[in-house]
Amino acid sequence: MSHTLKTATVLVVDDALDSIEIVNQILQDDYRVLFALCGVMGLSIAQQQKPDIILLDVSMPDMDGYQVCRELKTNPDTRDIPVIFVTGKNEDEDQEMGFHLGGADYLTKPVRPATVKVRVKNQLQLRQNEALIMQQALYDNLTHLPNRNLIQDRLRYMIAKDKRESLKTALLFIDLDDFKTINDTLGHDVGDQLLVEAAKRLRRCVREADMVGRLGGDEFVVILAELKQIDSAIKVAETILATFSRPIVISDMEMVITASIGIAVSPDDGDNDKRLLSNADAAMYQSKHAGRNNYHLFNEAMNLNIKRRMVMEHHLRHALERNELKVHYQAIVDVKTHTVLGAEALLRWHSPKLGKVAPDEFIGLAEQSGLIESIGEFVLHQSCVYFQELNQKLTQPLFLAVNISPQQFRRGYFPQLVSDILKETGFNPRQLELEVTEGLLLAPQSNIKTALQDLRDLGIRLSMDDFGTGYSSLSYLRNFPFDTLKIDRSFIMELEQKPEDQALVTAIIAMAHALGLKVVAEGVENRAQLNLLATKQCDMVQGFLFSRPEPQISLKKQSGI
Ligand code: C2E
Ligand code: MG
Ligand code: MG
C-alpha cells in the first residue's frame, strides 16, 4: 500500500517476546514496526501513534486481545485501524469471536512468514481504498475539513464521553458575514479561495485535539472537547474574531471578512448533537442581529455574566497604568479611648467605562488572571509612601494594615518584595500589618509557613482577616505566627439582636486572647455594637461608625462618640 509513499506502521501487541521477535523479522524491512507487551500498552500506543494496522495476540495476562479489540473499535480515533488477530487459539469459535468483534483477519501461530506478509499487505491495500471512500464521505472536498457527517459523529462521541467524565464540550457555530455578496459579485473562484483561507485560519485558532469542520456553504464549526471552564470557549471565539480581522489577499485584492459566532455547551445547552447544533446556530443568529463580527452564548444569563467578566478583565489589565486604581484608608480605633491606632488600606477602582467596581467583584478577577501581583504591589507601595509621610508628622505613629492575596505569595519571594518596598519607602516594618485569610494557609505551596515567619522576622505583624467565615480553625492560629485576629463583619452586623452572635464573638475574643492575639471587630456601624464589643474586651474596632474608607485618613474623632 502506501509504503511507497510513506512507510506504513504496524503495531504488534503480544505478551510473548519470541512471537514479537518473529513477526519483527518478517515485517521490519517493509514497515515501521512498533510493539506493545500487554493490552493496556497496546491501546495507549494505538491512540498515540495511530498505526496503519495492528497485529493482536489473544491470550495476554492483563487484558485479552478480544477486550483490546473491543476498546479499539469503540474509540473513534482507533476504530478504523484494521486488526489482525495472531494467536495460538485455533478453534472455530475463537475465529468467530475475533471477526465478530471487528477483527479484519485471523492468523494462527506458528505463523508462516509469507502468509503474514501477504495478509498484512492485503489489509493495508483494502484500508487504502476504504480511506479514499471515507475521505469522500466524511471530509469536505474544498477545504478538506471534516464535513457534517463527521462533525455529528464526533459530537455524539464527545457528548457521551462528557456524561461519563463530567466534562463539557463547546460547539462554536461560525458563519462568515456577507459571504454571499462576495460570492455573487466576485465569482465562485474567489469565494472558494476565501473559504479555504477561512478554514486555515480557523485551524490555527484551536488546539490539535479540537475539531474544525465545515457544515456547508459558509458555515463552519469548532468543537472544543473536554472543557472544564466555558471561559476557554469564549477565548477561542475572541481569537477567531481577531484572526479574521486581518485582511485576506486573493488575486491582488485585499478583503476583510468577519464572522458571526454562536456558542452552545453540552450538556447544559443540549445533550445530543442535533440540539447542540441547533442551539449554537440560534446563538449565532443573535450575533448576526447584534451587528455581526461578534459572538454570543446560547444561554442568555451566562452571556451577560461572562461578558461582564471578560470586559472587566480587559479594563482591569489597563487600570494600573491608566491610574484608575486608588487606595483608600479606613481607621482602626481603640475600643475604649476611640483613638485612631491605624488604618486598613482598601483598594478602589473607578473605571471610566464600567463606573465604580467593588473590590469584592474585581479582586477575585485579579486573582484569577494573575493581575493581583502587580496590583497588590501597587497597593503596598502606595500605602507605605503615604503612611511614611503621615507618620513623620505625628507624635504617635499609626500602623498600616494591607490585604494580601494568596497569589501574591506564588511568584518570586514575597518577603523579599515587601522588604524592598519598606527599604525604598523608609516605612518602619513595625508599623506594618499584613492581612491574610485562611485561604492562604490552605494553599498547596509548601513555603507559606517559612514566608510568614520571614515576614515576622522583618518586624511585620500578621493578621488573620475575615475570621469566622472560613474554617476558623484554631490550629491555624496556633501553628502560624499571627498577631491579630479580625472578626468578620457578618458576626457584628446584627450583634445587638442576635444572642448567638454575641456568644460566638465572646468565644472568639476569649480564644484569641488566650493565644496572645489582639482582636479587631470589622463593620461596626452603631454605638450598641461598640458598647457590646467593649464589654467583651475586644481591643479595636473598624467600621462606618468611625470612618468610611477615605482617600485620606481623618484623625478627628467622630462627633458624638
Ligand atoms: P476586608 O479586608 O474584610 O475589608 C473590609 C471590608 O468591609 C471593606 O470592604 C470595607 O469597606 C467594609 N466595611 C468596613 N466597615 C464597614 C461597615 O461598617 N459597614 C459595612 N457595610 N462595610 C464595612 P471593601 O473595601 O469593599 O473590600 C472588600 C474586600 O476586598 C476586603 O475585605 C478585602 O478582602 C478585599 N480587598 C480590598 N482591597 C484589597 C487589596 O488591596 N488587596 C487585596 N488582596 N484585597 C483587597
Ligand atoms: Mg482586610
Ligand atoms: Mg475582613
Side-chain angles (χ1 to χ4, degrees), residues 316 319-320 324-333 340 342-350 356-387 399-410 414 417-418 421 432-440 443 461-470 472 482-496 505 508 519-530 532-533 538 540-551 553-554 558 561:
L316 192 57
L320 254 186
E324 294 166 15
L325 297 175
K326 299 270 176 301
V327 186
H328 282 204
Y329 302 90
Q330 184 177 33
I332 299 174
V333 176
V340 178
E344 177 174 5
L346 292 161
L347 192 56
R348 294 293 174 259
W349 179 24
H350 192 159
K356 282 186 182 151
V357 188
D360 282 331
E361 221 178 337
F362 73 81
I363 293 285
L365 198 63
E367 289 175 343
Q368 283 163 31
S369 57
L371 294 167
I372 195 69
E373 287 178 35
S374 48
I375 291 179
E377 190 178 334
F378 162 81
V379 173
L380 193 60
H381 187 268
Q382 192 84 357
S383 53
C384 282
V385 168
Y386 173 58
F387 263 64
F399 75 85
L400 164 66
V402 180
N403 293 288
I404 304 295
S405 293
Q407 285 78 359
Q408 291 177 259
F409 282 80
R410 220 167 262 167
F414 184 64
L417 176 82
V418 178
I421 290 180
L432 181 62
E433 181 162 297
L434 297 181
E435 296 192 2
V436 300
T437 52
E438 275 177 313
L440 175 74
R461 284 181 304 178
L462 296 175
S463 133
M464 162 74 82
D465 201 359
D466 301 344
F467 191 81
T469 56
S472 312
F482 284 100
D483 301 274
T484 311
L485 182 153
K486 298 187 80 168
I487 304 178
D488 192 69
R489 182 160 65 84
S490 53
F491 299 97
I492 310 299
M493 235 155 42
E494 295 168 292
L495 193 64
E496 324 91 273
V505 167
I508 294 175
V519 180
V520 179
E522 294 185 314
V524 176
E525 294 188 354
N526 60 48
R527 287 207 67 129
Q529 293 163 344
L530 178 69
L532 268 170
L533 289 162
C538 183
M540 290 166 268
V541 292
Q542 174 181 353
F544 294 173
L545 178 65
F546 289 96
S547 128
R548 289 187 178 255
E550 304 280 358
I553 164 149
S554 148
Q558 202 80 5
I561 295 172

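What you see is a predicted model; the values in this text were computed from it and never measured. Atoms within a ligand are numbered from 1 in the order they appear, just like the ligands themselves. We use all heavy atoms of the structure for the numbers below, so side chains are in, but hydrogens, waters and symmetry mates are not.
Of the angles at the Mg ion (ligand 2), the one spanning OE2 of Glu344 and OD1 of Asn403 is 90° when given to 10°. Between the OE1 atom of Glu522 and the OD1 atom of Asp465, the angle taken at the Mg ion (ligand 3) works out to 110° after rounding to 10°.
Phe491 and Phe467 have their aromatic ring centers separated by at least 6.0 angstrom.
Contacts between Thr437 and ligand 1, counted as non-hydrogen atom pairs separated by less than 4.0 Å, are absent for every part of the residue. Residue contacts with ligand 1, taken as heavy atom pairs separated by less than 4.0 Å, involve Arg489 solely via side-chain atoms from C-beta onward. For Val524, every heavy-atom contact with ligand 1 shorter than 4.0 Å involves the backbone, none the side chain.
The closest approach of Asp466 to the Mg ion (ligand 3), by N/O/S atoms, is made by OD1.
For the pair Met493 and ligand 1, no heavy-atom separation below 4.0 Å is found. Assignment of Ala358 to the shell around ligand 1 is not supported, since no heavy atom sits closer than 4.0 Å.
Atom 15 (N) of ligand 1 lies below 4.0 Å from at least one non-hydrogen atom of the protein.
Annotation: atom 6 (C) of ligand 1 to nearest protein heavy atom, Leu346 CD2, 4.7 Å. From the protein, the heavy atom lying nearest to atom 19 (N) of ligand 1 is Glu525 OE2, 2.4 Å. Considering only non-hydrogen protein atoms, atom 11 (O) of ligand 1 sits nearest to Pro549 CG, 3.5 Å. With respect to atom 28 (C) of ligand 1, the closest heavy atom belonging to the protein is Asp360 OD1, 3.4 Å. Looking from atom 24 (P) of ligand 1 to the surrounding protein, the closest heavy atom is Pro359 CG, 3.7 Å. Here the heavy atom of the protein found nearest to atom 18 (O) of ligand 1 is Phe544 N, 2.8 Å. Nearest to atom 5 (C) of ligand 1 among the protein's heavy atoms is Glu522 OE2, 4.1 Å.
Residue side and main chain included, Asp488 places no N/O/S atom under 2.8 Å of the Mg ion (ligand 3). In summary, Glu435 places an N/O/S atom under 2.8 Å from the Mg ion (ligand 2), meeting the contact criterion.
Set against the non-hydrogen atoms of Val379, the atoms of ligand 1 under 4.0 Å away are 41 (O). The Asp466 neighbourhood of ligand 1 comprises atoms 3 (O), with distances under 4.0 Å to a heavy atom of that residue. Applying the 4.0 Å criterion to heavy atoms of Ser405 picks out, from ligand 1, the atoms 44 (N).
Nearest-heavy-atom check against atom 40 (C) of ligand 1 across Leu380, Val402, Leu325, Asn403 picks out Asn403. Of the candidates Arg348, Gln408, Gln330, it is Arg348 that places a heavy atom closest to atom 25 (O) of ligand 1.
Ligand 1 has no N or O atom lying under 3.5 Å from any N or O atom of Gln542, backbone or side chain.
Under the 30°/60° scheme for interplanar angles, the aromatic rings of Trp349 and Phe362 are found to stand perpendicular.
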